[in-house]
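One structure is given below, encoded as structure tokens.
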Amino acid sequence: MTAQGFKFLFFTGKGGVGKTTLACATAVAMADKGKKVLLISTDPASNLQDVLGTPVSDQITQHQDLNLLFTVNIDPQTAAEDYRKRVIDPLAAIATADEISKIREGLSGACTTEIASFDEFSRFITGEGLSEIFDNVIFDTAPTGHTIRLLELPAAWDDFLGNNPNGASCIGPSSALKSSRERYEKVVSSLRDPLQTTFFLVTRPDAASLKEAGKTSRDLIDLGMANQSLLINGIFQARDQTDTTALKMEKIAERELLEMPGILKNLAAEHYPLLPYNVLGLENLRSVFDTDLQSKIVAAEFLKLTEAGHLLPDLKALVDELEKNSDSGLIMTMGKGGVGKTIVAASIATMLAHRGHPVLLTTTDPAAHIRDFMDQLTAIPEKLTIERIDPKIETKDYIDKIAAQKGKHLDEEGKKLLREDLQSPCTEEVAVFHAFSKAIQSARRRFVVMDTAPTGHTLLLLDTTGSYHKEIMKNMAVSPSKITTPYMMLQDGVFAKILLVALPETTPMREAEALQKDLQRAGIVPYAWVINECLSAVNDLKDPLLRKRTSAEVPIIDHIAAHLSKRTFEIPYIAEEILLPAILSRYDDAVVQAI
């Protein structure tokens, strides 16, 4: 790993590519060499604790078995609550309880959470978060779209605060932020300094991950952050030359790497193999860079091979249930990045449309790949409409609409001030929420299949939906029984069917379980789990690495079906480069022939 000499190291990429694994392995390797290391997660759905095998919290904590390694998780909700306290506490002696309640309600949206998280993040760059006492600070970042948004914030808030000399914004008084404009400028300067900071673009050897890495590389360069390296994780090499699935997997990966975006070919690259064991705990993390230890662990794992199998309902059975007694409703795929939410959403939408139902397929993911999958089809079903909730487009349309409505009777100076006020980053939150709500409402007359952003980002959107619901219920003069908010529609299990998508691995299962608990606390009960890429559902596997991964899947799948979900469906691992037609043809040849 070429990580020597940098103070700040960022690991970023599409969800599920192994950012956390490589960030943790790097942190352990540096600590083993005598460096004092701080590892920070900015992912709202962080799993540092599972990977490192040590308690991780929102306070800097020393690893229980490695004294030079320290961790901290920037929890968005904790950061937002701390910010709200800094706004509200000084008002306690001069404001009424009702006034304070209104202020708190006004600071309950996702935008407050986002900027408070960045405020916390920035302190570790400037040294206020005690980063100066560490030799290296490593950031395990949220999936790409969320990370780029985080890195764009300094410029966005600098512009907004510069145009609002009174220092107030839609998140409250800027004086409550720990970091001033000058400190934000220092953050940007540090991130752009190639002597201080390097960015590791983590990817898998597949087209979607490589495309995402290429886009991230360009976005970072546009932000002035050009010191980058490419880490290609999970490269599979067949060990049994008679296993057709293994040989296909190997050839697909080779082809995808040859066809990677040109911008990535100019970067220094390092390759890491697909392993037959979970990279959890210090020894397994050390094996990432120690090939002798890796070979020893692999040999031990192959000695423990067992035959295993199971049978769960498939995707066709799920679609049969979804259309039973209904020709409309909301279907949302949720889960951590990289588990296959998009391909599941695209498959379900296509199958429903082929069966004659009007369907809208849309996404709230900033790093959406719906079009990539739909472009694999020679024709889109007539009944299928494809859209994307693009934050930038939605924000522009929303600003234009509000400016036209409220600017009718304003002079030119008034119109200019109105537009400046609407340039707040918080406007994006409102605009995306309006588009999200519109899509939900349209599910009254057709099926709406919504591919959501990775977990943390989705929870922020649902938090905004809940805040809107509370505000409506509090201020409406009519009877609550006559009001149906988007939040209430999500809580309606007949109307809205939430599908939790996971992989048959320990960490994705735990993360999906945590999401399920978060949703249930909000009164939203998932309809079913979809376990994607199940090797244990593939027949005649001979390769020892694949067989080992198969045997490890079975107890995880059994636990999900027995304890976490009343309805559990599986999709087998499909070794095909063009994935959507391959999935559809497995369940209905007529679908593929028609499209």
Side-chain angles (χ1 to χ4, degrees), residues 3 6-15 17 19 23 40-43 74 111 114-126 131 137-163 177 179-203 209-231 261-268 337 365-368 390-393 395-396 423-429 453-454 456-457:
F6 299 106
K7 174 75 174 182
F8 304 112
L9 295 84
F10 282 80
F11 288 77
T12 189
K14 189 175 182 286
V17 295
K19 296 184 301 295
I40 301 171
S41 175
T42 67
D43 190 341
I74 298 178
C111 191
E114 187 175 60
I115 192 61
S117 297
F118 181 81
D119 195 39
E120 203 62 32
F121 157 85
S122 69
R123 295 170 57 240
F124 292 101
I125 301 288
T126 61
S131 59
V137 180
I138 298 174
F139 291 89
D140 170 35
T141 69
T144 308
H146 198 84
T147 299
I148 294 298
R149 172 71 181 145
L150 195 70
L151 296 176
E152 286 175 338
L153 277 174
W157 280 100
D158 183 61
D159 290 344
F160 181 70
L161 295 176
N163 290 324
L177 298 173
S179 303
S180 63
R181 287 180 60 198
E182 290 73 23
R183 290 191 180 96
Y184 281 153
E185 289 171 2
K186 183 178 178 181
V187 171
V188 175
S189 176
S190 296
L191 294 176
R192 289 174 175 169
D193 184 351
L195 299 179
Q196 285 194 77
T197 304
T198 187
F199 291 86
F200 292 105
L201 308 179
V202 185
T203 182
S209 299
L210 289 162
K211 181 178 179 180
E212 185 67 33
K215 181 179 183 303
T216 302
S217 180
R218 285 189 293 273
D219 288 343
L220 290 172
I221 289 170
D222 289 344
L223 291 169
M225 302 165 195
N227 191 27
Q228 305 170 10
S229 296
L230 183 66
L231 307 182
I263 194 169
L264 298 180
K265 294 179 180 179
N266 298 323
L267 299 178
D365 192 341
D390 185 303
K392 296 192 185 306
I393 293 174
T395 302
K396 180 183 181 301
Q423 291 304 318
S424 159
C426 298
T427 300
E428 183 177 304
E429 172 197 338
H457 202 85

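A quick note: this is a predicted structure, and the numbers were derived from the prediction, not measured.
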Notebook entry, point to check: Checking Asn227 side chain against Pro194 main chain: does a donor-acceptor pair fall under 3.5 Å?
Noted result: yes

Next item on the list: Carefully, step by step, assess Gln196 and Phe6 under the rule side chain to side chain contact (heavy atoms under 4.5 Å, CB included).
Entry: CA-CA 5 Å; Gln196 285 194 77; Phe6 299 106; over 6 Å; no

Checklist line | Cationic N near anionic O, under 4.0 Å, Lys215 to Asp219 | finding: yes

Checklist line | With Gln228, the side-chain contact (heavy atoms from CB on, under 4.5 Å) member among Ile263, Thr198, Asn266, Ile221 | finding: Ile221

Item checked: Note, Phe10 side chain near Thr141 side chain (heavy atom, < 4.5 Å) -> yes

Notebook entry, point to check: Between CG of Leu230 and OG1 of Thr216, what distance do you get to the nearest 0.5 Å?
Noted result: 11.0 Å

Notebook entry, point to check: Which class fits the ring pair Phe139 and Phe8: parallel under 30°, tilted 30 to 60°, perpendicular over 60°?
Noted result: tilted

Next item on the list: Could you tell me whether the side chain of Glu212 and the main chain of Gly13 form a donor-acceptor pair under 3.5 Å?
Entry: no

Check: What are the two closest heavy atoms between Leu195 and Asp193, and how far apart are they?
Finding: N-OD1, 2.9 Å

Checklist line | Any donor-acceptor pair under 3.5 Å from Arg192 side chain to Leu223 backbone | finding: yes

Item checked: Minimum heavy-atom distance between Leu201 and Leu220, given as atom pair plus value -> CD2-CD1, 3.9 Å

Check: Is a donor on one side and an acceptor on the other found under 3.5 Å between the side chain of Lys19 and the backbone of Asp140?
Finding: no

Next item on the list: Would you please test Phe11 and Leu231 for side chain to side chain contact (heavy atoms under 4.5 Å, CB included) and show each step?
Entry: CA-CA 9 Å; Phe11 288 77; Leu231 307 182; 3.7 Å; yes

Notebook entry, point to check: Applying the side-chain contact (heavy atoms from CB on, under 4.5 Å) test to Ile125, which of Thr197, Val137, Leu191 qualifies?
Noted result: Leu191

Notebook entry, point to check: Does the pair Phe124 and Ile74 meet the rule for a side chain to side chain contact (heavy atoms under 4.5 Å, CB included), with working shown?
Noted result: CA-CA 10 Å; Phe124 292 101; Ile74 298 178; 4.2 Å; yes

Notebook entry, point to check: Between Leu267 and Ser229, what is the shortest heavy-atom contact and its length?
Noted result: CD1-C, 4.5 Å

Next item on the list: State, to 0.1 Å, how close Leu264 and Ser217 come at their nearest heavy-atom pair, and which atoms those are.
Entry: CD2-CB, 4.4 Å

Next item on the list: Check whether more than 12 heavy atoms from other residues, nucleotides or ligands sit under 6.0 Å from atom NZ of Lys265, and answer yes or no.
Entry: yes

